[in-house]
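Accompanying notes for the structure given below.
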Amino acid sequence: MPSINTPNGKIKYRTVPLYLGVKQIDKKIARENLILLKKVLDAHSIHFQLHAGTLLGAMREHDFIDHDEDIDLALLDKYRNDILRIIPELEKIGFKICRYDKRDLLSIMRKGEYIDFYFYKEFNDKLLSCSGWLVLKEHIQNSTIVDFLGDTYEIPEKWEEYLVSEYSASWKIPLKTNNYDIPKYKRLIFAFKEHLKDYLPKPIFKYLALRAETKLRTRSLARLRKNLDIEI
């Protein structure tokens with residue numbers, strides 16, 4: 001069983017294979033989970049933003065997107081140890097670690113619904129990086145507050161510019177991108193690969209992670225330049 005080194009010692013967890021197309025979000029449970037999580041993070045002064053598809057749903061539909069499957073939250077990397085430190089507290093209210101990629105992504109699950117934490121660290125003077133995915137630094141560092149599903153949450157101050165950077169100027173147009181009819185054999189292959197990653201020797205994992213990050217960095221740089229029409 002894989003484990004995570006935390007400020008309070010090692011925590012073992014069981015990996016749950018998570019990938020696009022595995023499930024559709026249960027909005028009622030997702031809202032319940034987000035509210036529970038926010039109470040704990042607020043109590044520890046851990047700042048986070050609604051991110052990616054969750055932010056898109058909040059600003060376009062004032063709800064979770066029907067065909068989404070999880071909650072996305074962005075945090076500065078300085079909060080990583082704070083999150084790991086409170087894992088036992090989160091476990092007491094029903095959350096369990098279900099994914100940790102040893103770099104910048106942690107996923108927790110409760111009642112079958114999961115939440116992704118994306119930890120962003122400095123890449124250069126303009127950009128932050130999460131496992132190779134790049135965003136403008138100001139989009140994560142500068143926040144404003146928005147009402148969402150009966151509570152208030154931080155989002156990027158320039159939230160519309162962020163959504164354009166991620167989804168292009170057509171972000172207001174709903175698009176169903178996930179396929180929930182993935183054949184069983186493909187799910188089994190993916191699940192095998194996910195469990196295998198937990199036991200790879202560190203040098204092999206670092207090599208594969210570096211290759212993946214390089215590809216993702218190239219893609220995200222191209223996306224930023226195209227969608228925002230800027231030089232980076």
List the steps, then state whether side-chain contact (heavy atoms from CB on, under 4.5 Å) holds for F117 with L37.
CA-CA 12 Å; F117 295 100; L37 176 66; 3.8 Å; yes
Using the side-chain contact (heavy atoms from CB on, under 4.5 Å) rule, take L134 and F123 through it: C-alpha gap first, then chi angles, then the decisive distance, then the call.
CA-CA 8 Å; L134 301 174; F123 177 71; 3.8 Å; yes
Step-by-step ring-ring contact (aromatic ring centres under 6.0 Å, His included) determination, F148 to F64:
CA-CA 10 Å; F148 180 56; F64 299 114; 5.5 Å; yes
Residues C98, I108; criterion side-chain contact (heavy atoms from CB on, under 4.5 Å); working and verdict:
CA-CA 5 Å; C98 57; I108 59 174; 5.6 Å; no
Yes or no on side-chain contact (heavy atoms from CB on, under 4.5 Å) for V135 and L127, after CA distance, side-chain angles and deciding distance?
CA-CA 6 Å; V135 300; L127 301 170; over 6 Å; no
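Cluster annotation: I93 is not connected to I29 through the hydrophobic network of ILVMFWY side chains, with a link wherever side-chain heavy atoms come within less than 4.5 Å. Linking ILVMFWY residues whenever their side-chain heavy atoms come closer than 4.5 Å, directly or via other members, places W159 and I230 in the same cluster. The cluster map of Ile, Leu, Val, Met, Phe, Trp and Tyr, joined by side-chain heavy atoms under 4.5 Å apart, puts F205 and Y207 in the same cluster. Following chains of ILVMFWY side-chain contacts shorter than 4.5 Å, one cannot reach L200 starting from L210, and the two form parts of different hydrophobic clusters.
Using a distance-only test at 3.5 Å, with no hydrogens or angles considered, no donor-acceptor pair links the side chain of D77 to the main chain of R80. With E113 contributing its side chain and D70 its backbone, the two residues share no donor-acceptor pair below 3.5 Å. With hydrogens and angles ignored, the 3.5 Å screen pairs no side-chain donor or acceptor of R99 with any backbone N or O of T15. Formation of a donor-acceptor pair under 3.5 Å by the H67 side chain with backbone atoms of I25 is not found in this model.
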All N/O donor-acceptor pairs, side-chain side in residues 45-54, below 3.5 Å, sequence neighbours left out:
from: H47; atom 1: ND1; to: E154; atom 2: OE2; distance (Å): 2.6
from: Q49; atom 1: NE2; to: H139; atom 2: O; distance (Å): 3.3
from: Q49; atom 1: NE2; to: I140; atom 2: O; distance (Å): 3.2
from: Q49; atom 1: NE2; to: S143; atom 2: OG; distance (Å): 2.7
from: H51; atom 1: ND1; to: Y162; atom 2: OH; distance (Å): 3.2
from: H51; atom 1: NE2; to: Y120; atom 2: OH; distance (Å): 2.9
from: T54; atom 1: OG1; to: D72; atom 2: N; distance (Å): 2.8

Could you list the donor-acceptor pairs under 3.5 angstrom formed by side chains in residues 2-9, with sequence neighbours left out?
from: T6; atom 1: OG1; to: N8; atom 2: N; distance (Å): 3.1
from: T6; atom 1: OG1; to: G9; atom 2: N; distance (Å): 3.3
from: T6; atom 1: OG1; to: G9; atom 2: O; distance (Å): 2.6
from: N8; atom 1: ND2; to: R85; atom 2: O; distance (Å): 2.9

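Atom NZ of residue K23 and atom CG of residue D68 lie 8.5 Å apart, to the nearest 0.5 angstrom. With rounding to the nearest 0.5 Å, the separation of OG in S131 from CG in L216 is 8.0 Å. Atom CD1 of I71 sits about 10.5 Å away from atom OH of Y114, to the nearest 0.5 Å. Going from atom OG of S129 over to atom CZ of F119 covers 14.0 Å, rounded to the nearest 0.5 Å. In this structure, D116 CG and D104 CG are separated by 12.5 Å, a value rounded to the nearest 0.5 Å. Distance CG/L90 to CD1/I97: 9.0 Å, rounded to 0.5 Å.
Applying the side chain to side chain donor-acceptor pair (under 3.5 Å) test to every pair with at least one member in residues 217-232, sequence neighbours left out, gives these pairs: E166-R223.
D147 and T152 are not linked by any side-chain donor-acceptor pair at a separation below 3.5 angstrom, with hydrogens and angles left out of the test.
Considering only heavy atoms from C-beta on, P174 stays 4.5 Å or farther from D66 through its side chain. A heavy-atom distance below 4.5 Å is not found between the side chains of E194 and L18. By the 4.5 Å heavy-atom criterion applied to side chains, D82 and L75 are not counted as neighbours. Between Y167 and L56 there is a side-chain heavy-atom pair separated by less than 4.5 Å. Two residues are said to be in side-chain contact when any heavy atoms from C-beta on lie closer than 4.5 Å; L106 and D101 fail this criterion. Within the 4.5 Å cutoff, side-chain heavy atoms of Y118 are placed close to those of L105.
The only option from K27, R60, Q24 that meets the side chain to side chain contact (heavy atoms under 4.5 Å, CB included) definition with I65 turns out to be R60.
Ion pairing between D26 and K28 fails under the 4.0 Å rule for side-chain N and carboxylate O.
The two residues I35 and L149 come nearest to each other via the heavy atoms CD1-O, 4.4 Å.
Residues satisfying the side chain to side chain contact (heavy atoms under 4.5 Å, CB included) test with R14, not counting sequence neighbours, are M1. Contacts of R110 classified as side chain to side chain contact (heavy atoms under 4.5 Å, CB included), with partners at least two apart in sequence or in another chain: E32, N33, L36, F95. Partners of E138 by side chain to side chain contact (heavy atoms under 4.5 Å, CB included), not counting sequence neighbours, listed by chain and number: L136, N142, K158, E161.
The cationic atom of K38 (NZ for Lys, CZ for Arg) lies less than 6.0 Å from the six-membered ring centre of Y153 and within 45° of the ring axis.
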